[in-house]
Asker: 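What follows is a structure written as structure tokens; I'll ask about it next.
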Amino acid sequence: MSDAILTFDHIEKSFFGVRVLKDISLDVPRGKVLGLVGENGAGKSTLMNLMGGVHAPDHGQMLLNGAPYAPRTPSDANAAGIAFIHQELNLFTNLSIAENIFIDGFPRLRWLPVLDRNHMRARTKQYLDAVELHVSPDTLVEKLSPGERQLAEIAKALSFDAHIIIFDEPTTSLTARETERLFRLIERLRSDGASIIYISHILPDVMRLADEIAVLRDGELVAHGPKEEFTINRMIALMVGRAIEQLYPPRRAAPTTTPVLEVQGVSQQGIVEEITFTLHKGEILGVFGLMGSGRSELARILFGLDDHARGEIRVAGKPYTQPSARRSIDAGMAFVTENRREEGLLMDIAIAENIGLVALPRYAATTATAVDESRYFGDIANVAASLAIKSGDLRQQAVKTLSGGNQQKTVIGKWLLDKPAVLIIDEPTRGVDVGARYEIYSIINDLAAEGTGVLFISSELEELMGVCDRMLVMSNGEIQATFRRAEFDKERILRAAFRENGS
């Protein structure tokens with residue numbers, strides 16, 4: 001293997017008494033791509049956070065170009081030439097792209113206490129051109145699509161002139177075209193001499209990009225070597241400690257003919273148009289479409305988070321008027337949002353409080369009655385155990401300390417405790433490893449077997465084909481086609497998804 005630009009030397013780290021890194025010794029190769037893989041909770045993000053100055057190791061040391069390296073803050077890491085593109089983007093949505101890029105040091109106009117905005121715009125345009133994001137540097141981040149925000153985050157990393165760039169699940173919000181653009185960028189950065197750490201649960205992408213691969217399991221380094229020593233099946237077996245022969249669990253029960261959610265002609269100008277479908281009790285109904293097709297917008301409308309101009313929604317046979325989140329919950333609906341950090345969780349409070357948030361009123365006989373804490377926390381513990389959430393004390397540990405996959409399980413657990421009749425779930429496996437994905441698919445299967453109707457929204461066609469009973473395909477805010485399981489065909493589904501304006 002190549003000489004190391006950075007070395008982890010016998011690194012250990014614990015949180016809340018749980019050892020998350022156990023005697024890690026690993027070299028990051030100079031001028032190459034290191035693929036870092038492992039299940040959620042394996043320690044990947046913690047290891048990178050040590051490198052990025054977010055945390056300090058309990059034991060061991062890091063060496064950068066052979067010299068001791070001990071950053072105390074992310075700014076120290078940036079100054080050392082290390083840029084970190086986090087799985088959850090760290091952009092201020094109320095600021096422009098240029099302001100985000102220069103947030104750690106705004107240039108001034110000569111000696112005056114005035115920002116040199118022309119300099120900011122010119123430099124920002126260079127970084128945006130490098131990632132092929134052709135928007136104005138003055139564009140507010142809140143106006144960008146999720147994929148464009150990811151590219152803006154990468155542009156910000158380029159502004160550090162970094163020698164080491166860490167990509168943590170960078171393709172989760174990107175279209176296929178944007179992903180190819182990112183891969184070309186990574187290959188160019190490597191050719192220019194940058195060292196790349198690429199973290200992803202999409203193992204074919206790791207095989208395509210990496211020169212070397214390192215596998216973590218339960219906080220330990222279980223394998224590290226040239227890419228040629230690995231196959232996808234070997235990586236999976238190393239990650240989970242066993243071979244996974246079947247990616248999708250078999251269905252336990254068939255859907256019924258009883259409607260639980262009926263949508264007739266739902267429309268909102270410029271968003272969705274004439275959406276009509278029926279979700280049945282015990283059915284898993286997939287919704288597929290490319291970015292901008294209206295999938296997530298439809299989910300928000302159905303749950304009452306956004307308005308619709310016309311159309312009818314019926315839940316369990318009853319008309320559902322003046323939708324709101326509270327009325328949706330009362331009607332037996334649940335919504336697992338794709339944006340778990342901002343909309344699905346209260347990051348600073350305990351895991352138990354997050355899981356119990358929606359169902360809390362059900363544990364008191366009246367609004368004036370104290371909560372039955374024994375039953376309440378007992379049920380929360382049961383839900384957490386059923387989801388295999390890896391954590392310390394559920395009542396003490398803040399949810400922000402969990403890995404991305406365990407945060408996603410916590411969001412799902414919040415709704416499981418409420419026993420919904422209709423579950424709308426948007427990108428539930430984004431940023432989740434292969435082992436946790438199987439667990440989430442099994443949870444969805446179990447809910448359907450118990451009678452819950454599941455509306456499963458995903459940009460990953462393979463998982464919808466593996467899990468769903470039927471599939472709706474959206475494009476330009478409209479349903480272009482419906483496929484039953486026996487009719488699933490990747491080419492036909494993609495043709496429907498690429499259809500524009502009926503052409």
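In what follows, every heavy atom counts, from backbone to side chain, and hydrogens, waters and symmetry copies are set aside.
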Asker: Specify the closest pair of heavy atoms between A398 and D348, including all atoms of both residues, with the distance to one decimal.
Answerer: CB-O, 4.0 Å
Asker: Spell out, as yes or no, whether a donor-acceptor pair under 3.5 Å connects the side chain of T7 to the backbone of D9.
Answerer: no
Asker: So that I can tick it off, tell me whether D446 and R252 are bridged by a salt bridge, with the cut-off set at under 4.0 angstrom between side-chain N and carboxylate O.
Answerer: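 Yes, R252 and D446 are salt-bridged.
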Asker: Looking only at heavy atoms, which two atoms of T124 and P137 are closest? And how far apart?
Answerer: CG2-CB, 3.7 Å
Asker: Between T337 and D426, is a side-chain hydrogen bond (donor to acceptor under 3.5 Å, both in side chains) present by the stated rule, with each step listed?
Answerer: CA-CA 5 Å; T337 172; D426 192 0; 5.7 Å; no
Asker: Going from CG on L203 to CZ on R208, what distance comes out if it is rounded to the nearest 0.5 angstrom?
Answerer: 15.0 Å
Asker: Step by step, work out the salt bridge (Lys or Arg N to Asp or Glu O under 4.0 Å) result for K414 and E353.
Answerer: CA-CA 9 Å; K414 175 177 68 176; E353 292 178 86; over 6 Å; no
Asker: Taking all heavy atoms of I24 and all of L221, pick out the closest pair and write down the distance.
Answerer: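 Looking at all heavy atoms of both residues, the closest pair is CD1-N, 3.4 Å.
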Asker: Counting only heavy atoms not in K227, do more than 12 sit closer than 6.0 Å to its NZ atom?
Answerer: yes
Asker: Whether the side chain of K44 engages the backbone of G38 through a donor-acceptor N/O pair (distance < 3.5 Å, no angle test) should be reported.
Answerer: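 Between the backbone of G38 and the side chain of K44 there is a qualifying donor-acceptor contact (under 3.5 Å).
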Asker: Determine yes or no for a side-chain-to-main-chain donor-acceptor pair under 3.5 angstrom, with S195 supplying the side chain and I164 the backbone.
Answerer: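 Side chain of S195 to backbone of I164: no pair is present.
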Asker: Please check this pair: side chain of Q397 against backbone of I351, looking for a donor-acceptor N/O pair closer than 3.5 Å.
Answerer: no
Asker: Is the Y198 ring parallel, tilted or perpendicular to the F183 ring (thresholds 30°, 60°)?
Answerer: perpendicular
Asker: With no hydrogens and no angle check, is any side-chain donor or acceptor of Y69 less than 3.5 Å from a backbone partner on M51?
Answerer: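 Side chain of Y69 to backbone of M51: a pair is present.
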Asker: Indicate the atoms forming the closest heavy-atom contact of I284 with V467, along with that distance.
Answerer: CD1-O, 3.9 Å
Asker: Tell me whether R217 contacts the main-chain N or O of M239 through its side chain, where contact means a donor paired with an acceptor under 3.5 Å.
Answerer: no
Asker: Working note: F8 + V28, criterion side-chain contact (heavy atoms from CB on, under 4.5 Å); need CA distance, chi angles, decisive distance, verdict.
Answerer: CA-CA 8 Å; F8 296 96; V28 177; 4.1 Å; yes
Asker: Quick check against the 3.5 Å criterion: does T93 have a side-chain atom that pairs as donor or acceptor with the backbone of V141?
Answerer: no
Asker: Between atom CG of L36 and atom CD1 of I213, what is the distance when rounded to the nearest 0.5 Å?
Answerer: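 Reported value, rounded in 0.5 Å steps: 10.5 Å.
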Asker: Do I5 and N65 touch side chain to side chain, with heavy atoms closer than 4.5 Å?
Answerer: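 Contact flag for I5/N65 side chains = yes.
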Asker: Could you please spell out the steps behind the salt bridge (Lys or Arg N to Asp or Glu O under 4.0 Å) verdict for K143 and E148?
Answerer: CA-CA 9 Å; K143 301 295 185 182; E148 290 171 334; over 6 Å; no
Asker: Is there a donor-acceptor contact under 3.5 Å from the side chain of D393 to the main chain of R395?
Answerer: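 Such a contact is found between D393 side chain and R395 backbone.
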Asker: Take the angle between the ring planes of F303 and F335 and call it parallel below 30°, perpendicular above 60°, tilted in between.
Answerer: tilted
Asker: The test is side-chain contact (heavy atoms from CB on, under 4.5 Å); show your working for N445 and R251 and say whether it passes.
Answerer: CA-CA 6 Å; N445 272 355; R251 290 298 307 276; 3.0 Å; yes
Asker: How are the rings of Y441 and Y248 set relative to one another: parallel (under 30°), tilted (30 to 60°) or perpendicular (over 60°)?
Answerer: tilted
Asker: Is K22 reaching over with its side chain to a backbone N or O of D218, donor-acceptor style, under 3.5 angstrom?
Answerer: yes
Asker: Which heavy atom of R190 sits nearest a heavy atom of G31, and at what distance?
Answerer: CG-O, 3.5 Å
Asker: Does the cation-pi check pass for R123 over F102, that is, NZ or CZ under 6.0 Å from the six-membered ring centre and within 45° of its axis?
Answerer: no
Asker: For residues G225 and F230, report the shortest heavy-atom separation together with the two atoms involved.
Answerer: O-CE1, 3.7 Å
Asker: Name the one of L238, V206, I199, I236 that satisfies side chain to side chain contact (heavy atoms under 4.5 Å, CB included) with V37?
Answerer: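 Option passing the side chain to side chain contact (heavy atoms under 4.5 Å, CB included) with V37: V206.
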